[in-house]
Asker: 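Please find one structure pasted underneath; my questions will follow.
For the numbers below, each heavy atom of this structure counts, side chains included, while hydrogens, waters and symmetry mates do not. When a ligand or atom number is given, it counts from 1 through the structure's own listing order.
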Amino acid sequence: MKFLLLLSALGLCWAQYAPNTKPGRTSIVHLFEWRWADIAQECERYLGPKGFGGVQISPPNENVIINNPSRPWWERYQPISYKLCTRSGNEDEFRDMVTRCNNVGVHIYVDAVINHMCGNGVSPGTSSTCGSFFNPGSRDFPSVPFSAWDFNDGKCRTSSGDIENYNDAYQVRDCRLVGLLDLALEKDYVRSKVAEYMNHLIDIGVAGFRIDASKHMWPGDMKAILDKLQPLNTTWFPEGSKPFIYQEVIDLGGEPIKSSDYFDNGRVTEFKYGAKLGTVLRKWHGEKMAYLRNWGEGWGFMPSDRALVFVDNHDNQRGHGAGGSSILTFWDPRLYKMGVAFMLAHPYGFTRVMSSFRWPRYFVNGKDINDWVGPPNTNGVIKEVTINPDTTCGNDWVCEHRWRQIRNMVMFRNVVDGELFTNWWDNGSNQVAFGRGNKGFIIFNNDDWPLSSYLQTGLPAGTYCDVISGDKIGDKCTGIKIYVSADGKAHFSISNNAEDPFIAIHAESKL
Ligand code: AAO
């Protein structure tokens with residue numbers, strides 16, 4: 001028993017699996033391509049008060065400036081140095097953001113691009129976000145510094161030097177991902193430079209890292225880097241806290257590299273989650289919501305305590321990465337809200353909400369030829385996130401996290417945290433419901449006919465405000481009211497034509 005207690009205590013302070021969010025805050029939001037100044041304000045004016053646990057930010061280190069096409073979003077995945085200056089802001093603005101967000105209980109998670117530097121074919125010069133010189137041809141990045149010794153050119157055995165076959169794990173780890181210069185992470189010097197960058201961010205006060213392109217690094221090399229990291233800044237975190245680590249590994253099955261290869265280092269992105277959920281909600285391939293009864297490990301997903309889950313990410317919402325056409329995004333708002341609500345209500349995994357910018361999507365032969373378009377900008381300068389009187393965002397920022405249905409489900413997840421998955425009900429088709437202990441209940445109608453059912457909610461008797469159609473404001477409800485009787489049962493009716501064909505109630509939406 002004592003031994004177990006000791007293990008769990010060690011587990012707590014040395015757990016890179018724990019998201020380091022404040023108690024009662026259970027989700028993070030990816031504010032894709034936002035400026036640091038806007039994130040700082042969003043933490044104070046919205047994310048803190050609404051119960052968000054943290055923000056995944058775009059890569060903060062210096063990247064190449066790409067002018068053809070004009071400033072694509074993906075230029076940020078081509079590092080030039082580890083100086084903190086990008087289109088999102090400089091180091092002072094970064095520090096200000098981290099401090100202000102931490103001070104309102106919202107933590108910052110950095111997208112760490114450490115597998116590679118910029119593309120092999122980029123011209124040498126100083127076209128970089130801090131103006132640092134670099135020469136991809138001679139593998140020279142003097143601002144780090146990295147030189148030809150620090151790349152995997154000698155190790156890769158494909159004729160192009162690029163990854164040509166995902167069925168060969170050596171290629172995937174030792175060759176260039178789409179031509180990106182592959183760092184030799186087996187070298188202690190390279191590991192130390194990467195760790196120095198990450199420790200700088202930890203010093204400033206970040207809470208963890210998304211490790212980009214983890215599939216393309218040997219798990220042992222990554223472990224060696226993580227072993228060099230210092231504990232989190234004690235201004236905001238308990239002494240000895242480890243950074244939260246979640247690794248981007250695309251494992252949809254069928255390739256030799258598995259998510260489980262990376263469990264020792266931290267959590268891993270579960271890409272099956274969004275791909276499958278999209279297929280179910282779209283009712284493709286004979287899928288139906290009734291099959292979601294054993295959602296999670298029962299669907300062949302990784303263990304819940306290793307998973308970072310999301311409905312869409314910055315890649316697969318625009319056809320990059322993996323998942324394919326089933327992925328739900330803000331472009332399909334009705335199904336998207338259902339998908340995000342299902343994710344936030346269900347206990348599986350640690351949840352990340354996507355927050356996007358709108359771009360001029362344009363399909364030619366099924367492919368979006370504008371999939372490269374960068375964030376809203378004026379002559380390359382990222383536009384401010386303006387807030388409209390109705391609390392939505394302007395300047396083409398979509399701000400899914402501010403949609404009432406999504407924002408209120410983030411709160412739902414906080415309220416039901418730790419409660420069991422209970423009271424599952426389905427009609428054998430696409431009408432399903434489930435509860436979380438005696439704290440919350442959600443019901444969906446994705447069938448083409450109305451839903452009308454009298455169901456066990458598990459909740460104490462009372463009148464509850466549906467947080468999907470409205471908000472509880474004081475003792476009033478601006479949406480649908482649900483009456484739970486003494487035996488925990490309540491009647492629900494949901495038209496198949498409802499704007500949002502689902503209802504959610506929880507302990508704090510009780511009137
Ligand atoms: C840009 C240009 C390139 C140019 C390059 C260098 O677009 O033409 O060669 O610069 O000059 C992002 C963009 C890239 C961009 C890059 C650098 O997406 O277009 O390249 O910045 O600017 C793989 C990786 C995964 C990666 C994903 C995009 O494994 O790590 O590709 N995601 C991260 C970031 C991403 C970023 C990078 C990495 C690079 O999130 O934003 O790239 O830092 C299979 C494999 C996957 C593989 C995909 C895509 O997936 O399994 O591992 O992801 O292919 O290549 C079915 C299968 C599924 C398969 C999928 C697609 O769904 O089941 O397994 O089909 O075939």
Asker: Which ligand 1 atoms, with their elements, are less than 4.0 angstrom from a heavy-atom of Trp73?
Answerer: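 With Trp73 as reference, the close atoms of ligand 1 come out as 12 (C), 13 (C), 18 (O), 41 (O).
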Asker: If you have a sec, work out which protein heavy atom is nearest atom 47 (C) of ligand 1 and how many Å separate them, to one decimal?
Answerer: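 Checking every protein heavy atom, the shortest distance to atom 47 (C) of ligand 1 gives Tyr166 OH, 3.5 Å.
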Asker: Please state which option from Ala322, Gly323, Cys118 has its nearest heavy atom closest to atom 60 (C) of ligand 1.
Answerer: Ala322
Asker: Taking only heavy atoms of Leu180 into account, list the atoms of ligand 1 that are under 4.0 Å away from them.
Answerer: 6 (C), 17 (C), 39 (C)
Asker: For ring-ring contact (aromatic ring centres under 6.0 Å, His included), just list the numbers for Trp295 and Tyr273, CA-CA rounded to whole Å, side-chain angles, deciding distance to a tenth of an Å, and then say yes or no.
Answerer: CA-CA 9 Å; Trp295 185 244; Tyr273 194 101; 4.9 Å; yes
Asker: Which of these, Arg318, Lys215, Glu248, has its nearest heavy atom closest to atom 46 (C) of ligand 1?
Answerer: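 Among Arg318, Lys215, Glu248, the closest heavy atom to atom 46 (C) of ligand 1 belongs to Lys215.
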Asker: Counting non-hydrogen protein atoms only, what is the nearest one to atom 14 (C) of ligand 1? Give residue, atom name and distance.
Answerer: His320 ND1, 4.0 Å
Asker: Only counting residues at least two apart or in another chain, list the ones meeting side chain to side chain contact (heavy atoms under 4.5 Å, CB included) with Asn120.
Answerer: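 Listed in chain order: Arg139, Arg176, Leu181.
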Asker: Can Arg318 be said to sit on top of Trp359's aromatic six-ring, NZ or CZ under 6.0 Å from centre and within 45° of the ring axis?
Answerer: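 Because its charged atom sits under 6.0 Å from the ring centre and within 45° of the axis, Arg318 does stack over Trp359.
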Asker: List the closest protein heavy-atom neighbour of atom 38 (C) of ligand 1: residue, atom name, distance to the nearest 0.1 Å.
Answerer: Asp212 OD1, 3.2 Å
Asker: For Arg210, take its heavy atoms, then give the atoms of ligand 1 lying under 4.0 Å from any of them.
Answerer: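 Those of ligand 1 that fall under 4.0 Å from Arg210 are 34 (C), 40 (O).
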Asker: Check whether Asn135 reaches the backbone of Asp140 with its side chain - one donor and one acceptor, N or O, closer than 3.5 Å.
Answerer: no
Asker: So, for Phe134 and Ser132, which heavy atoms are closest and what is the spacing to 0.1 Å?
Answerer: CD2-O, 3.5 Å
Asker: So between Phe271, Trp74, Trp372, Tyr77, whose heavy atom ends up nearest atom 7 (O) of ligand 1?
Answerer: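 Residue with the shortest heavy-atom distance to the ligand atom: Trp74.
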Asker: With a 3.5 Å distance limit and no angle check, can you tell me whether Asp227 reaches the backbone of Ile225 through a side-chain donor-acceptor pair?
Answerer: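 It does not hold such a pair.
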Asker: Taking the six-membered ring of Phe52, is NZ or CZ of Arg25 closer than 6.0 Å to its centre and within 45° of its axis?
Answerer: no
Asker: So which protein heavy atom does atom 41 (O) of ligand 1 come closest to, and at what separation?
Answerer: Asp315 OD1, 2.7 Å
Asker: Check each of Asn115, Leu252, Ile250 against atom 62 (O) of ligand 1 and report the one with the nearest heavy atom.
Answerer: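 Minimum heavy-atom distance to atom 62 (O) of ligand 1 goes to Leu252.
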Asker: Ring-plane angle category for Phe237 and His107, please: parallel below 30°, perpendicular beyond 60°, tilted otherwise.
Answerer: tilted
Asker: Quick one: does atom 9 (O) of ligand 1 have a protein heavy atom under 4.0 Å from it?
Answerer: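 Yes, there is one.
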Asker: For atom 44 (C) of ligand 1, what is the nearest protein heavy atom, given as residue, atom name and distance?
Answerer: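 Ranked first by proximity to atom 44 (C) of ligand 1 is Glu255 OE2, 4.0 Å.
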Asker: Judged by atom type as modelled, is there a donor-acceptor pair below 3.5 Å linking the side chain of Asp150 to the main-chain atoms of Ala184?
Answerer: no
Asker: Quick check on contacts: which atoms of ligand 1 are under 4.0 angstrom from a heavy atom of His314?
Answerer: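 Once the distances to His314 are compared, the set is 34 (C), 35 (C), 40 (O), 41 (O).
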Asker: Counting distance only, does the side-chain N/O of Lys215 pair as donor-acceptor with the main-chain N or O of Ile250 below 3.5 Å?
Answerer: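 Yes, the answer is positive, given that a donor and an acceptor are paired below the 3.5 Å cut-off.
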Asker: Does Glu75 use its side chain to pair, donor to acceptor, with the backbone of Ile65 at less than 3.5 Å?
Answerer: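 No, Glu75 side chain to Ile65 backbone: no donor-acceptor pair under 3.5 Å.
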Asker: Provide the number and element of each atom of ligand 1 under 4.0 Å from a heavy atom of Ala213.
Answerer: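 What qualifies from ligand 1 is 30 (O).
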Asker: Please write down residue, atom name and distance for the protein heavy atom closest to atom 49 (C) of ligand 1.
Answerer: Gly321 O, 3.8 Å
Asker: Can you pull out the closest protein heavy atom to atom 24 (C) of ligand 1? Residue, atom name and distance to 0.1 Å, please.
Answerer: His216 NE2, 3.1 Å
Asker: To the nearest 0.1 Å, how far is atom 4 (C) of ligand 1 from its closest protein heavy atom, and which atom is that?
Answerer: Val178 O, 3.6 Å
Asker: Could you list the atoms of ligand 1 found under 4.0 angstrom from a heavy atom of His116?
Answerer: 39 (C), 43 (O)
Asker: Strictly inside 4.0 angstrom of atom 66 (O) of ligand 1, do you find any protein heavy atom?
Answerer: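 Under the 4.0 Å cut-off, atom 66 (O) of ligand 1 has no protein heavy-atom neighbours at all.
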Asker: So does Trp372 get a backbone contact from the side chain of His320, meaning a donor-acceptor N/O pair under 3.5 Å?
Answerer: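 No, His320 side chain to Trp372 backbone: no donor-acceptor pair under 3.5 Å.
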